[in-house]
Amino acid sequence: MPEGPSIVIIKEIISPQITGKKILNVSGNAKIDMAQLFNKKVDRVESWGKHLLIILSDCTIRIHFLMFGSYSIDEQTKPDKSLRLKLEFSKKRIYFYTCSVKILPGDIDSIYDWQADVLSEKWNAAKARKKLKQRPDDLVCDILLDQEVFAGVGNIIKNEVLYRIKLHPETRISSIPPRILSSLINEARNYSFDFLKWKKEFTLKKHWLVHTKKFCSSCGRPLLKKYFGKTKRRSFFCDNCQIKYK
DNA sequence: TGCCATGTTAAACT
DNA sequence: GAGTTTAACATGGC
């Protein structure tokens, strides 16, 4: 579920089913003020990075699926204890499980910077570049996961992007040549769209070149798995093909 | 079977 | 108070 493209898919499925519809009942164990949602109409459904946003007239329901979140439509498929939020409409019921639910008051456009979302048509590569320049000492494996810079990028996308541009995960931002920095920013977006396409085709895993893989598809040597940086997430990489600039 | 993970937050530490 | 580490969430794949 969790990386940005998966949220886009959920948005595309849910949006046409509930946009313009009124919330007739709210339940679940989410720690939110449910009364606030009662009888409100869904204005639109959006995604920002890994956030699913159900936008109402005066507030927004923000769903974050974390690591194990899921949802279902019309039938409750999980036990009550994991049912965070149930939204009932006249003909539809949407269930969200094991996720983080928050109500964001006010205008959504003043809360989210759509230009930071790698999957948004408003994505702004130049702005991302400026943010990178301000973080010269950060490792590239950390900054790719930074949702302020690359909203929607998760650990799989991180690994695949770095492999694609032949850059070592432990490289400092300040050491990356300008041309490689450009491809980093471009591929963070491009790979996310490839991820989206493959996920829709149910062929995502088949297309992984490095994530959870054992051997480099380019040189055939064994891939390494290490935990780098502040984020300490798994990095799969080829020590031979991915360059660590200094 | 048991471990680990596509993620984030907040509490508990140093 | 800053920075770092751990726990919590609770499921599913290998």
Side-chain angles (χ1 to χ4, degrees), chain A residues 1-13 28-32 47-53 60-72 75-86 95-104 111-113 116-119 135 137-139 141-164 169 187-215 223-237:
Chain A
M1 281 296 164
E3 301 197 27
S6 305
I7 309 304
V8 170
I9 292 170
I10 299 173
K11 174 193 72 176
E12 289 176 356
I13 291 169
N29 60 17
K31 294 187 186 78
I32 56 166
S47 64
W48 180 89
K50 299 164 188 169
H51 300 190
L52 178 69
L53 305 170
T60 293
I61 308 170
R62 191 212 70 178
I63 313 277
H64 194 303
F65 290 91
L66 301 169
M67 201 84 103
F68 321 118
S70 60
Y71 77 101
S72 64
E75 295 221 16
Q76 187 177 334
T77 56
K78 302 274 166 77
D80 271 0
K81 63 169 182 174
S82 65
L83 179 61
R84 286 278 181 279
L85 185 66
K86 175 185 180 184
Y95 302 82
F96 295 101
Y97 311 95
T98 325
C99 52
S100 158
V101 181
K102 274 191 179 168
I103 309 266
L104 309 175
I111 300 172
Y112 284 98
D113 176 10
D117 181 355
V118 293
L119 286 151
R135 309 263 296 273
D137 296 327
D138 283 27
L139 300 183
C141 60
D142 284 336
I143 210 148
L144 268 171
L145 292 173
D146 188 324
Q147 301 301 296
E148 297 292 316
V149 184
F150 296 105
V153 170
N155 206 37
I156 297 171
I157 296 175
K158 175 196 85 180
N159 283 321
E160 293 293 330
V161 165
L162 291 174
Y163 185 73
R164 202 178 246 196
E187 288 308 320
R189 177 169 167 86
N190 286 342
Y191 188 87
S192 296
F193 278 102
D194 286 341
F195 185 122
L196 175 62
K197 182 181 72 187
W198 293 328
K199 181 94 182 172
K200 285 179 174 174
E201 296 171 354
F202 303 102
T203 62
L204 178 64
K205 275 192 186 181
K206 199 183 79 182
H207 284 92
W208 288 349
L209 294 178
V210 70
H211 188 78
T212 71
K213 295 292 174 182
K214 300 291 181 202
F215 298 98
L223 293 168
L224 301 181
K225 179 178 85 167
K226 287 193 179 178
Y227 297 79
F228 292 127
K230 293 174 188 163
T231 48
K232 295 186 176 65
R233 305 290 303 279
R234 299 193 291 182
S235 282
F236 294 89
F237 62 102

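Between the P atom of dT8(B) and the CD1 atom of Ile63(A) lies a distance of 15 Å, rounded to the nearest Å. Distance CZ (Phe150(A)) to C1' (dT6(B)): 18 Å, rounded to an integer number of Å. Summarising the geometry, the separation between NE2 on His64(A) and C1' on dT8(B) is reported as 6 Å, rounded to the nearest angstrom. The NZ atom of Lys81(A) sits 5 Å away from the P atom of dT11(C) (whole-angstrom rounding). Spacing between atom CE of Met67(A) and atom C1' of dA10(C) amounts to 11 Å, rounded to whole angstrom units. Regarding Glu3(A), its CD atom lies at a distance of 10 Å from the C1' atom of dG7(B), rounded to whole Å. Here the P atom of nucleotide dG7(B) and the CG atom of Leu144(A) are 12 Å apart, to the nearest Å. In this structure, His51(A) atom NE2 and dT6(B) atom P are separated by 18 Å, rounded to whole Å.
Between Lys205(A) and dC14(C) there is a side-chain polar atom (N or O) within less than 4.0 angstrom of OP1 or OP2. Distances shown here put a side-chain N or O of Lys50(A) below 4.0 Å from the OP1 or OP2 atom of dT8(B). In this model, the phosphate group of dC9(C) is not approached by any side-chain N or O of Lys31(A) to a distance below 4.0 Å at OP1 or OP2. At the phosphate of dC4(B), neither OP1 nor OP2 sits under 4.0 Å from any side-chain N or O atom of Arg234(A). Between His211(A) and dT6(B) there is a side-chain polar atom (N or O) within less than 4.0 angstrom of OP1 or OP2.
Where DNA chain C pairs in unbroken runs of 3 or more (Watson-Crick or G-U, both distances under 3.5 Å), the stems are B:2-5 with C:11-14, B:7-14 with C:2-9.
Counting only distance, with no hydrogens or angles, the side chain of Ser72(A) and the backbone of Glu75(A) share a donor-acceptor pair below 3.5 Å.
One P atom belongs to dT6(C), the other to dA5(B), and the distance between them is 15 Å to the nearest Å. Between dA7(C) and dC3(B), the distance separating the two P atoms is 15 Å to the nearest Å.
In terms of position on DNA chain C, the residue among Thr98(A) and Lys232(A) whose nearest nucleotide sits closer to the 5' end is Lys232(A).
Tyr227(A) comes within contact range of the sugar-phosphate backbone alone, with a heavy-atom separation under 4.0 Å but no base atom that close. If you check every strand for non-hydrogen atoms under 4.0 Å, Lys230(A) touches nothing.
Distance from the side chain of Ser82(A) is smallest to dA10(C) among dA10(B), dA10(C), dG12(C). Here the nucleotide nearest the side chain of Pro79(A), chosen from dG7(B), dA10(B), dT11(C), is dT11(C). Candidate nucleotides dC9(C), dG7(B), dT11(C) were compared by shortest atom distance to the side chain of Arg84(A), and dC9(C) ranks first.
Between Phe150(A) and Val161(A) the shortest side-chain heavy-atom distance does not fall below 4.5 Å. Taking the side chain as every heavy atom from C-beta outward, Arg164(A) and Asn190(A) approach each other to under 4.5 Å.
For the residue pair Arg62(A)/Ser100(A), the side-chain donor-acceptor check at 3.5 Å is satisfied.
The structure places CD of Gln147(A) at 6.0 Å from CH2 of Trp48(A), a figure rounded to the nearest 0.5 Å.
The aromatic rings of Trp208(A) and His211(A) sit perpendicular to each other, their planes meeting at more than 60°, with 30° as the lower class boundary.
Ion pairing of Arg135(A) with Asp146(A) is present here, as a side-chain N (NZ or NE/NH1/NH2) and a carboxylate O approach within less than 4.0 Å.
Here the rule is ring-ring contact (aromatic ring centres under 6.0 Å, His included) with His207(A), and of Trp198(A), Phe195(A), Phe202(A) only Trp198(A) fits it.
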